[in-house]
Amino acid sequence: MFTMIKRLCRFTLLSIFFLLSACSNVAISPPNSPNTLDPHGPDAAQIAQLWWVMLGLGTIIFLIVIGLLFAALLRGKRATAETTPETENLDEGRRWPILGGILMPLVILAIVFGYSIFTLAAVENPYGKKDVQIEVVGRRWWWEVKYPDEGVVTANEIHIPVGKPVEIQLQTADVIHSFWVPQLHGKMDLIPKRINKIVIQADKPGVYRGECAEFCGLQHAHMGFMVVAQSQADYDSWVQAQSQSAAEPADATTQKGQQVFMNAGCVFCHTVRGLDDKQIDRSGIDLGPDLTHLDSRLTIAGASLTKNRGNLAGWVIDPQHVKPGSLMPEMHMNSEDLQALLAYLESLH
Ligand code: CUA
């Protein structure tokens, strides 16, 4: 008995520890906490509805079982080996396992199965060309986002017009990832050498957090992204701005920062459109995120840090502290160079 209590205490302490460590992870993430039961798109609404139906059925059955349990406990004395059982009681005894053990579960499971199939059909990706087509490539551990028709390349942030179905083609550059925006749709895997499609739609403007939902290595938990749903006008101006090349450095500090960007080697992994990319051969290199409009983004490092100067500095100097195992190397430079580099990165609106 004593060892059992000790074991139980140890288990409880361990659970609290894991819960707290989960909390510490949330602390460095931006404040959006995606909730599948707060859907903002038609497909997510269908999935949430299925969840409520299953919860409702489960609750009813739970209450019935608990009710029967109490009825059995409160019932009077039963027949024993010594007393002769009444024949009616015997029939009643057979009826319960057949009704409660076979018939009821069959009916309930058939309802749940039928409703799941109905939901599956309702959220299936519709065919036909969509107004907006986006390509998303999963990489360890960030998301490359391309708008081929508009000539836009960005990272960890997908902008979409509100109220319109948007087709996202999913590919992976390395292992299996899974694309999941809980408030807009279910999960869709990114499988090597295959293109999967998912159609998402947001009913209201807002920022919806997405996550990688398939364990893909050390930094799987830090492979997040943001979906920004905007009015058509805001979306159009975002596309217009993103399709431009990077702004030229406007003052001495940003000019120096651009030199640091070139000399320190950032340029070999990170594209800044307009910064004479033609001279840089990036073939065979594991690409880092396109930084042409870095300053327009809400987050950095796969949505694990909000974008501000302090986080940017920490990420450049010691990325392995934030995301151990990521391909971003530590950059050693003096504070003057660092400040200039940060000024340059912040000029990439
Ligand atoms: Cu990518 Cu988990």
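In each ligand, atom 1 is the first atom listed, and ligand 1 is the first ligand listed. All values derive from a computational prediction rather than experimental measurement.
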Name of whichever N/O/S atom of Glu214 is nearest to atom 2 (Cu) of ligand 1: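 Sorting the N, O and S atoms of Glu214 by distance to atom 2 (Cu) of ligand 1 puts O first.
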Atom name of the N, O or S atom in His220 that lies nearest to atom 2 (Cu) of ligand 1: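 Nearest N/O/S atom: ND1.
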Name, closest N/O/S atom of His177 to atom 1 (Cu) of ligand 1: ND1
2.8 Å cut-off met by an N, O or S atom of Met223 to atom 1 (Cu) of ligand 1: yes
Pair Gln49-Tyr115, side chain to side chain donor-acceptor pair (under 3.5 Å): steps then yes or no: CA-CA 10 Å; Gln49 205 172 327; Tyr115 198 69; 3.2 Å; yes
SG (Cys212) to atom 2 (Cu) of ligand 1 to SG (Cys216) angle, given to the nearest 10 degrees: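 Nearest ten degrees: 120°.
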Name of the residue among Asn334, Leu338, Leu341 meeting side-chain contact (heavy atoms from CB on, under 4.5 Å) with Val260: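 Single pass found, and it is Leu341.
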Mutual orientation of the aromatic rings belonging to Tyr147 and Tyr235 [parallel < 30°, tilted 30-60°, perpendicular > 60°]: tilted
Heavy-atom neighbours of Gln244 CD exceed 12 at 6.0 Å: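 Above 12, so yes.
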Residue that, paired with Phe225, satisfies ring-ring contact (aromatic ring centres under 6.0 Å, His included) out of Tyr208, Trp141, Phe179, Trp180: Phe179
